[in-house]
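Just so you know, these numbers use all the heavy atoms, side chains as well, and skip hydrogens, waters and symmetry mates.
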Amino acid sequence: GKWRERLSNSSLNYHLMASGNLLLPALASSIALGALKIVLKRIRKVSTVDRKEEKVELKEVKEIKKENYQPFDSKLLREWEARKQFFRTQYSDFERRRIGPYVLQYSPEHSSKKRKTTSNLPSGEGPPVLQPFEYKGFNFTKVKEQEVIAYVRTKTYGGVSLFWGAKDIQVKMAIDPTKLMINVSPLAPGHCVLAIRPTQFLKQAITAGALELGVEMVSDSIRRDFRVVYNSMGAWASQNHLHLHTIYTKNLGFENDLLALEQAFENASSKSHLQIFPHQITLSRGYPIPSFRFHHTPGERSAMISRAHAFIRSLQENNVPHNVVIAPSRLNNVEGSEVQQRTIVKMKEKGTEKWENSEKYRKNLSCVVYVIPRKNQIFNSRPICAGIPLKFAVVEAAGLVLARSREQFESLTLEDIETEMRTGVALAENELKTLIKLLPS
C-alpha cells in the first residue's frame, strides 16, 4: 500500500515537474524507485533460497554427526572387506605358526605382487631418515578412488571424524584431506594406510599432528586389538610419503591379542628388565630390540604426545631409524580406579553421543606410544635361513614376522628370529645410552 501511494505521488510530481521544465530530475527519481523495487524483490528471493539451502545443510550435518557418533571399527572392517577385489594379495592366503612370543606368517604371493618400494639411493647405502620428497614414481595421490575407504579429520574437542566414501569434492576440501585407504597387500585384518594430507607431499617423517591423529584413532576404537603403526625411512618404510598403517591383532595368534613387543612390557617375568624414567617413560631391555614406551595418566594425553614426538624428532635429527606402535593401554596399568576405567570402556562400546562429545571421558582412557629406535635397514638385509633376508619393518619388529619363502617359513627357529633382531636391528648399548640422554627431562 505504501509503495502504491509513493508511486502515485511520484506520478503526480512528474506531471507537476514536467510543466515546470523539471522532467530530468523526475525521471531519475522514478528510475531509482524502480531499481529499488527490483532489489527488494531479489533480496526476498535470495532469502528464500538461503533458507532452503540452510535446511539441506543442517540435514546433512545431522546425518554426518549421527554416523560419526557410531564406533568406526565395524564400518572400517566392512568397507575393507568390500574392497577385497582390489587387493594384490589376499590376507586369507597367509599361513601362520607361533614361535615363542612371535607369530611367523607366510604367503607365496605377498612379496612378488606387492607395490615396489621407492629408493633413489646408490646401491650399498642405507636410506637416511630425512630425505626430500621425490615426485617421480608412485605416491599416495596416485591411489585409485575405489581404494579409499574414508576421509579423516580430527575433531576440535578430541577424537576423529571419518567421512565414508565421500565423493563430493567440496566435502573433501572442507575437511582435513587425510585418506584412509586399503593396503593392497595386507598383513593383518583391517590393514589400511593412513595417508596424511597426501596432496601436500609431506616426506615420511612423522609430525606431531600425525602422531596425535594415530592416538585419537586408537582412543576412538572400541577394539582393544586396534593398532596404528609407523615406519621411518631407513626402517623399511615403503614410500617416502607421510603415512601410517592400521591393523587389528585379533586372530593373528598372539597371546591376549598383544604383540610380542607389548608382552615384553606386560609380562611379570620381564619386569626386571624395565628401566623407569620420569613422565611415564619406560625402556624395556628384556625385548631383543630395546624399546621405549610413553604412557600417561588420565588427562595428560596431550603432554604424552608432545614428549613422544620430541623424542622422535631427536631421532630424526640424529638420523636414527625408528618404528612406532600406538596401542590402547591395558586396564591394570591405568592410574585410577579399575571400576572407573571399565565404566568408561563400557560407555565407549555403546558408541553414545555422550562419549563422542565429552572430553572428560575421552581423556580418562589411556593410550601408549612405543618407539623402537634401531639400526638402518641396510644392516637388516643380510641373507639368513634359506639364503633370504628376514626384513624387520614395524609389524615384524613388534612380533609379526613375515617369512619370504616356504623353506624359511618351515625352518625358522626362535633363535634365528631373536639373533637377527639383536644383531641386525637393535642398537648397540653405547648408542642406546646416547638416546637415553635425548629423552624429555
Side-chain angles (χ1 to χ4, degrees), residues 83 86-89 110-154 163 165-187 191-214 228-246 309 312-313 315-324 374 376-378 380-381 391 393-395:
R83 288 167 172 76
F86 305 120
F87 291 177
R88 293 185 175 213
T89 58
H110 181 81
S111 297
S112 61
K113 291 187 177 181
K114 68 176 295 187
R115 282 180 176 140
K116 302 303 180 184
T117 60
T118 57
S119 177
N120 303 304
L121 299 167
S123 177
E125 291 187 19
V129 174
L130 297 178
Q131 50 184 287
F133 182 86
E134 176 55 59
Y135 291 89
K136 295 178 182 179
F138 175 81
N139 65 63
F140 294 116
T141 64
K142 300 179 182 181
V143 167
K144 296 177 181 178
E145 186 66 29
Q146 61 261 31
E147 296 179 22
V148 179
I149 291 178
Y151 291 82
V152 188
R153 69 171 177 181
T154 53
F163 295 81
K167 294 181 179 179
D168 186 342
I169 188 65
Q170 291 181 343
V171 173
K172 294 178 188 177
M173 297 307 294
I175 65 174
D176 180 1
T178 289
K179 293 182 179 181
L180 181 69
M181 58 189 75
I182 58 171
N183 187 313
V184 293
S185 298
L187 292 171
H191 188 178
C192 293
V193 173
L194 194 62
I196 309 296
R197 303 194 302 279
T199 55
Q200 294 191 22
F201 300 105
L202 303 172
K203 61 180 178 288
Q204 183 67 352
I206 192 168
T207 61
L211 183 64
E212 180 183 13
L213 178 59
V228 175
V229 300
Y230 166 82
N231 298 306
S232 79
M233 298 303 290
W236 295 113
S238 58
Q239 308 294 335
N240 185 23
H241 195 181
L242 185 54
H243 66 285
L244 296 84
H245 296 259
T246 70
H309 188 259
I312 292 170
R313 191 169 60 248
L315 298 179
Q316 293 170 348
E317 292 169 353
N318 287 276
N319 198 32
V320 179
H322 48 281
N323 306 109
V324 177
R374 52 174 294 164
N376 195 288
Q377 66 192 48
I378 194 172
N380 177 219
S381 304
K391 299 178 181 179
V394 61
V395 293

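- Formation of a donor-acceptor pair under 3.5 Å by the T89 side chain with backbone atoms of S185 is not found in this model.
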**OP:** Quick one: do V324 and V394 satisfy side chain to side chain contact (heavy atoms under 4.5 Å, CB included)? Show the steps, please.
**Re:** CA-CA 7 Å; V324 177; V394 61; 6.0 Å; no
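- In this structure a side-chain-to-backbone donor-acceptor pair under 3.5 Å is present from N376 to P127.
- H309 places no side-chain N or O within donor-acceptor distance of the main-chain N or O of A210, the cut-off being under 3.5 Å.
- Taken to the nearest 0.5 Å, the CG atom of N240 stands 8.5 Å off from the CD atom of E134.
- Below 30°, between 30° and 60°, or above 60°: for F133 and H241 the angle between ring planes is above 60°, a perpendicular geometry.
- Evaluation of the side-chain hydrogen bond (donor to acceptor under 3.5 Å, both in side chains) rule for T141 yields N139 as partners, not counting sequence neighbours.
- In this structure, the separation between OG on S238 and CG on N231 is 7.5 Å, given to the nearest 0.5 Å.
- At least one donor-acceptor pair closer than 3.5 Å links the side chain of Q377 to the backbone N or O of W236.
- At distances below 3.5 Å, not a single donor-acceptor pair connects side-chain atoms of Q316 with backbone N or O atoms of V129.
- What you find for Q204 and L242 is that their closest heavy atoms are OE1-CA, 3.0 Å.
- In plain terms, the two heavy atoms of A235 and R374 that are nearest each other are CB-CD, 3.6 Å.
- Side-chain contact between V229 and N323 is absent, with no heavy atoms from C-beta onward closer than 4.5 Å.
- Using a 4.5 Å heavy-atom cutoff, the side chains of V143 and V184 are not in contact.
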